[in-house]
There are 2 protein chains.
Amino acid sequence: MHLHLVVNLDATASIAYAATMSERATPSPEAIKAWARLMRVSRQLVERAEDALKDGGLPPLAWYDVLHELAEAGEGGLRPFQLIERTLFAQYNISRLLARLEADRLVEKLRVADDGRGQTIRITGKGRETRRRMWAVYGRSIAELVGARLSTSELDALSRLLRRLRHPTASD
Amino acid sequence: MHLHLVVNLDATASIAYAATMSERATPSPEAIKAWARLMRVSRQLVERAEDALKDGGLPPLAWYDVLHELAEAGEGGLRPFQLIERTLFAQYNISRLLARLEADRLVEKLRVADDGRGQTIRITGKGRETRRRMWAVYGRSIAELVGARLSTSELDALSRLLRRLRHPTASD
DNA sequence: CATATGTAGATGCAATTGCAACTATATGCG
DNA sequence: CGCATATAGTTGCAATTGCATCTACATATG
């Protein structure tokens, strides 16, 4: 992954910070720093994980996300719109990603009885196998990049803080 | 922004976690959760910020990052490779982004005397103005999305945790 | 039933990204 | 100097993304 939208501190912002948060448009220096770190770190980590998969001759992270959801869903499969809710991919992105996954026989599309517009996506055996191989690499990346750098309680603290930044979606 | 590589918990990972971190490839449940949150939240936030810029008829975040670095650099400008170090963009991405910025007269390319291969990029007046207008929107996004959701000390705590996940680069 | 509106998903096209190769200048070294 | 290698930056081409639109089916309402 080589798209990096990295942000940096705005020099002027730290000069005069006085008013309370709710009344101002300019963020506090602390907010800017946290934002900048979040942007930079998340991109570095994604890139590292993507590189690891690439080095292993495996598909990109996006494929893992979809295969993971479908594996969890089991034989019943999921509707594309449910994948959109869970993964936050854009609609057209899911549409095309599923087409690629189907072309690789990692998923199959099934007509759904009670809604003529829809389809159900089900992971195949090959898809499960691919997901397993991806997890071997991806999981190692997570262990190295995050698990090895913070203690369990620090990881919990980080999760709690990030949770507060989350925006509600249909799935979580 | 509509590319979302969202990760989710691996169901099997939480079943039997016993060995110590250093010996295993499978990450702890806490590491997986922190990773998943980081991926999900960072993408949501980027998307929100990008949407805000789009709604304001402004260029994407990537432009801000480059304009910001160039504005900080002042009249001396920066070499493209310095921008790469600071922003973490891929080399070919910077090359083309600068071409677009130059086409919009937001930056100018200057031949550099002591290295015939290189060039120096300098922000123009129009570039500074565009950066200012972008910051009005972008800064508000940061204030709303991050500044308004965590206290100053929580923001500091978040920054410190994220710092530990950072990977060394030429610039930081 | 007929029309209007909403939802599920696909797709044409332009822009961007990623990869790999390429040009051009610089530097190290015999 | 002359060649090998490294660095700075660009570019052709394929793949992916984003936008806008489009088709098809579903649901609501008179």
Side-chain angles (χ1 to χ4, degrees), chain A residues 1-6 43 46-55 57-63 65-66 77-104 107-121 170, chain B residues 1-6 43 46-55 57-63 65-66 77-104 107-121 170:
Chain A
M1 226 252 205
H2 275 283
L3 197 199
H4 310 268
L5 304 179
V6 177
R43 287 180 192 285
V46 169
E47 182 171 8
R48 294 266 185 152
E50 291 278 17
D51 286 350
L53 288 170
K54 235 173 290 182
D55 290 349
L58 293 164
L61 275 186
W63 289 37
D65 293 332
V66 169
L78 287 176
R79 301 281 299 266
F81 72 85
Q82 294 177 298
L83 282 168
I84 291 166
E85 290 168 359
R86 286 166 168 74
T87 63
L88 304 184
F89 277 87
Q91 189 271 322
Y92 56 80
N93 246 330
I94 283 288
S95 180
R96 282 157 167 157
L97 181 43
L98 289 176
R100 284 173 231 146
L101 290 170
E102 188 189 28
D104 266 30
V107 307
E108 49 193 358
K109 298 183 175 182
L110 310 168
R111 297 303 132 191
V112 59
D114 61 331
D115 188 339
R117 297 166 300 182
Q119 52 187 297
T120 294
I121 310 296
Chain B
M1 222 248 209
H2 274 286
L3 195 200
H4 311 268
L5 305 179
V6 177
R43 286 180 193 287
V46 168
E47 182 171 8
R48 294 268 186 149
E50 291 277 18
D51 286 350
L53 288 171
K54 235 172 293 183
D55 290 350
L58 292 165
L61 276 186
W63 290 36
D65 294 332
V66 169
L78 287 175
R79 301 281 300 268
F81 72 85
Q82 294 178 299
L83 282 168
I84 291 166
E85 290 168 0
R86 286 165 168 73
T87 63
L88 303 185
F89 277 89
Q91 193 275 326
Y92 54 81
N93 246 331
I94 284 287
S95 180
R96 281 158 168 157
L97 180 43
L98 290 176
R100 282 173 233 146
L101 290 171
E102 188 189 29
D104 266 31
V107 306
E108 48 194 359
K109 298 183 175 182
L110 310 169
R111 297 304 130 190
V112 59
D114 62 330
D115 187 339
R117 297 166 301 184
Q119 52 187 296
T120 294
I121 310 297

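Every chain is numbered from 1 and lettered A, B, ... according to where its sequence line falls, protein lines coming before strand lines.
Between Ile94(B) atom CD1 and dC19(C) atom P the separation is 16 Å, expressed in whole Å. When the P atom of dT25(C) is taken as reference, atom CD of Gln119(B) falls 13 Å away, rounded to whole Å.
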Taking only nitrogen or oxygen atoms into account, show me every contact under 3.5 Å that the protein makes with nucleotides 12-15 of chain D, one pair per line with its distance.
from, atom 1, to, atom 2, distance (Å)
dG12(D), O6, Arg96(B), NH2, 2.7
dC13(D), N4, Arg96(B), NH2, 3.2

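In terms of phosphate contacts, Lys54(B) brings a side-chain nitrogen or oxygen within less than 4.0 Å of OP1 or OP2 of dC19(D). For dT10(D), the OP1/OP2 oxygens have a side-chain nitrogen or oxygen of Ser95(B) closer than 4.0 Å. The side chain of Asn93(A) contributes no N or O atom lying less than 4.0 Å from OP1 or OP2 of dT16(D). Regarding contacts with the backbone of dA10(C), a side-chain N or O of Lys109(A) is found under 4.0 angstrom from either OP1 or OP2. An OP1 or OP2 oxygen of dA8(D) is reached within less than 4.0 angstrom by no side-chain nitrogen or oxygen of Gln82(B).
Minimum interatomic distance between Leu101(B) and Trp63(B) (heavy atoms only, all atoms of both residues): CD2-CE3, 3.3 Å. Here the closest heavy-atom approach between residue Leu98(B) and residue Val107(B) is recorded as O-CG2, 4.1 Å.
In this structure, Asp65(A) does not pair ionically with Arg86(A), as no charged nitrogen and carboxylate oxygen lie closer than 4.0 Å.
To the nearest 0.5 Å, the span separating CD on Gln82(A) from OG1 on Thr120(A) amounts to 8.0 Å.
For the pair Asp115(A) and Phe81(B), both in contact range of DNA chain D, the more 5′-proximal nearest nucleotide belongs to Phe81(B).
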